[in-house]
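Just follow the structure's listing: the first ligand is 1, and inside any ligand the first atom is 1.
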Amino acid sequence: MATPSMEDYLERIYQLIDEKGYARVSDIAEGLEVHPSSVTKMIQKLDKDNYLIYEKYRGLILTAKGKKIGKRLLDRHQLLEDFLGLIGVNEEEIYRDVEGIEHHLSWESITCIEALVEYLKQNPESKQQLLKIRSEMESG
Ligand SMILES: [Mn+2]
């Protein structure tokens with residue numbers, strides 16, 4: 001299974017290919033705030049584990065396995081952003097918090113959060129009630 005760090009790379013690579021059609025080492029490094037040499041190292045590891053195929057002059061492509069996992073990781077990130085947003089977390093905190101927790105939740109917890117997000121979207125009055133409790137906590 002992919003380590004938290006491998007997950008970050010796969011998620012970023014999947015997102016870049018999804019948005020731009022390709023993923024360059026420099027773009028991956030920038031997005032993850034790491035040195036390009038770390039990216040090259042990780043790409044070799046991901047290649048070895050069959051998540052992607054890397055050729056020095058042709059760039060990299062994700063294998064079927066890499067695509068499947070990459071999509072899952074990106075969806076998970078998005079779900080957690082939706083979740084924190086719905087329960088009232090400040091916009092500025094959301095991205096960093098998601099980066100902090102996304103690798104440490106079981107898929108069972110993710111599925112439960114997914115159901116809760118769906119519930120809150122379908123029941124705006126419950127969401128309002130939740131936010132009301134929270135503002136009472138802040139003022140109390
Ligand atoms: Mn992420």
| task | Look only at the side chain of N123 and the backbone of Y119, and say whether a donor-acceptor pair between them is shorter than 3.5 Å. | result | yes

| Ring centres under 6.0 angstrom apart (Y14, H77) | no

| query | Looking from the Mn ion (ligand 1), what is the angle between ND1 on H77 and OE2 on E102, to the nearest 10°? | reply | 110°

| said: For K71, is there an ion pair with D75 - N to carboxylate O distance below 4.0 angstrom? | reply: yes

| field | D8 N/O/S atom closer than 2.8 Å to the Mn ion (ligand 1) | value | no

| field | Angle subtended at the Mn ion (ligand 1) by OE1 of E11 and OE2 of E99, nearest 10° | value | 160°

| message | Do L60 and I17 have side chains that approach each other closer than 4.5 Å (heavy atoms only, starting at C-beta)? | response | yes

